[in-house]
Structure formats: structure tokens, C-alpha cells
Amino acid sequence: QVQLVESGGGLVQAGGSLRLSCAASGRTFSRYTMAWFRQAPGKEREFVTAISWTPGTAYYADSVKGRFTISRDNAKNTVYLQMSSLKPEDTAVYYCAAPGAEYYSPPYSATSAYAYWGQGTQVTVSS
């Protein structure tokens with residue numbers, strides 16, 4: 001069982017930055033691919049980024065490539081999402097997710113690939 005707790009959301013002006021954190025329980029964190037998804041009001045949950053199990057290759061949705069960076073600190077059982085050059089269309093609830101099995105390989109973008117989800121953290125970007 002993996003428990004995920006996100007933090008770091010908030011209100012920011014367009015062009016600003018935020019860093020989200022996701023703390024995971026469990027002793028085998030380094031063996032899990034970790035991902036971030038987001039869901040805007042009235043829209044389906046969409047893939048944002050994922051980082052594979054150690055050594056940690058990163059994958060990004062085209063909409064955030066070059067602006068967002070995912071990273072992980074295995075010693076702290078935490079994955080981060082650094083968001084820069086934020087746009088109003090980035091406004092959403094951001095969710096951290098982990099697959100049901102260790103050493104999960106692509107595809108990373110399907111919500112069905114993930115068994116564990118955090119409670120979400122709201123990110124609001126004002127214009």
C-alpha cells in the first residue's frame with residue numbers, strides 16, 4: 001500500500017512559479033514510477049509528467065514541456081513538480097500518482113496505469 005500526500009498549491013499570477021511536493025509512504029519508493037496529473041473544472045484528468053523508477057527518466061506532456069520539471073528525492077520519499085512560466089490554462093487540481101507495481105514501464109500517460117492517488121492540491125493561475 002502506498003499513500004501519497006501533495007502540498008504546495010496556491011494562487012499565483014501568470015508568469016509566476018510554484019513547486020508542488022508529493023510525499024509517499026513505503027520503503028521502496030525508489031522502485032516506483034511517479035507521476036503528476038491535473039484536472040480542470042469540467043475536464044477529464046490529464047497527464048502532466050512522470051519520472052521513472054531510479055535513475056529517473058522524465059516524461060512530459062507537450063503542454064508543459066520546457067516549463068515544468070519533475071524530480072525525485074528517494075531519501076525523502078518525495079517527488080516534486082517545479083512549475084514555471086505558469087499560464088491561466090494551468091489552473092487545475094494537481095494529483096500525484098503511483099502505479100500498483102514496482103518497476104512500472106511505459107505507457108505513463110493513462111490514468112488507468114496508476115493505482116494510488118493523492119488527494120490533490122489546487123493550483124490557480126490568475127491573468
Side-chain angles (χ1 to χ4, degrees):
Q1 188 77 8
V2 176
Q3 293 184 323
L4 305 173
V5 179
E6 303 100 333
S7 61
L11 174 64
V12 64
Q13 289 189 331
S17 299
L18 276 177
R19 189 177 81 156
L20 306 183
S21 300
C22 172
S25 65
R27 295 177 293 175
T28 59
F29 176 75
S30 64
R31 303 175 188 175
Y32 281 89
T33 290
M34 299 296 296
W36 288 95
F37 285 75
R38 66 186 181 186
Q39 189 166 19
K43 294 188 176 181
E44 293 187 353
R45 194 167 297 189
E46 66 173 1
F47 172 77
V48 176
T49 180
I51 186 166
S52 70
W53 45 274
T54 301
T57 302
Y59 302 85
Y60 297 95
D62 288 342
S63 59
V64 306
K65 202 170 294 183
R67 300 188 299 121
F68 290 12
T69 302
I70 190 171
S71 61
R72 65 190 300 157
D73 185 337
N74 292 331
K76 296 183 178 180
N77 278 17
T78 300
V79 61
Y80 302 99
L81 179 61
Q82 178 66 48
M83 304 184 294
S84 303
S85 301
L86 282 161
K87 305 175 181 179
E89 51 263 46
D90 294 319
T91 295
V93 178
Y94 283 71
Y95 296 92
C96 178
E102 300 173 347
Y103 303 119
Y104 178 77
S105 295
Y108 295 126
S109 61
T111 56
S112 58
Y114 298 89
Y116 304 107
W117 295 84
Q119 82 287 354
T121 186
Q122 176 70 47
V123 172
T124 302
V125 184
S126 63
S127 57

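One-based numbering along the sequence shown. Just so you know, these numbers use all the heavy atoms, side chains as well, and skip hydrogens, waters and symmetry mates.
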- Message: According to ring-ring contact (aromatic ring centres under 6.0 Å, His included), does anything in residues 54-91 pair up with another residue at least two apart or in another chain? List the pairs.
- Response: Tyr59-Tyr108
Mark yes or no for whether [X], through its side chain, and [Y], through its backbone, hold a donor-acceptor pair below 3.5 Å.
| X | Y | result |
| --- | --- | --- |
| Arg72 | Ser52 | yes |
| Thr78 | Lys76 | yes |
| Thr121 | Ser7 | no |

- Taking the six-membered ring for Trp, is the centroid-to-centroid distance between Trp53 and Tyr32 below 6.0 Å? no
Give me the atom names and distance for the closest heavy-atom approach of [X] to [Y].
| X | Y | result |
| --- | --- | --- |
| Ser85 | Ser17 | N-OG, 4.4 Å |
| Pro107 | Ala113 | O-CB, 4.2 Å |
| Ala50 | Tyr114 | CB-OH, 4.2 Å |
| Tyr95 | Gln119 | CE2-O, 3.6 Å |
| Pro99 | Thr33 | CD-O, 2.9 Å |

Same apolar cluster (I L V M F W Y, side chains within < 4.5 Å links), [X]/[Y]:
| X | Y | value |
| --- | --- | --- |
| Leu20 | Ile70 | yes |
| Val79 | Val93 | no |
| Val2 | Trp117 | no |

Between [Y] and [X], is there a side-chain heavy-atom distance shorter than 4.5 Å?
| X | Y | value |
| --- | --- | --- |
| Gln82 | Ser71 | no |
| Met34 | Tyr104 | no |
| Arg38 | Ser63 | yes |

- Which value, rounded to the nearest 0.5 Å, describes the distance between Glu6 atom CD and Leu81 atom CG? 11.0 Å
- Query: If you round to the nearest 0.5 Å, how far is CG of Leu18 from CG of Asp90?
  - Reply: 10.0 Å
- Note on the structure: Residue set satisfying side-chain hydrogen bond (donor to acceptor under 3.5 Å, both in side chains) with Thr124, at least two apart, ordered chain then number -> Gln122
- Message: Applying disulfide bond (SG atoms under 2.5 Å apart) as the test, list every pair that has at least one member in residues 44-98; sequence neighbours left out.
- Response: Cys22-Cys96
- Basic-acidic side-chain contact under 4.0 Å: Lys65, Asp62: yes
- Test Glu102 against Thr28 for side-chain hydrogen bond (donor to acceptor under 3.5 Å, both in side chains), laying out the working first. CA-CA 8 Å; Glu102 300 173 347; Thr28 59; 3.0 Å; yes
- Tested for ring pair (Phe, Tyr, Trp, His ring centres under 6.0 Å) against Phe47, the lone hit among Phe37, Trp36, Tyr94 is Phe37
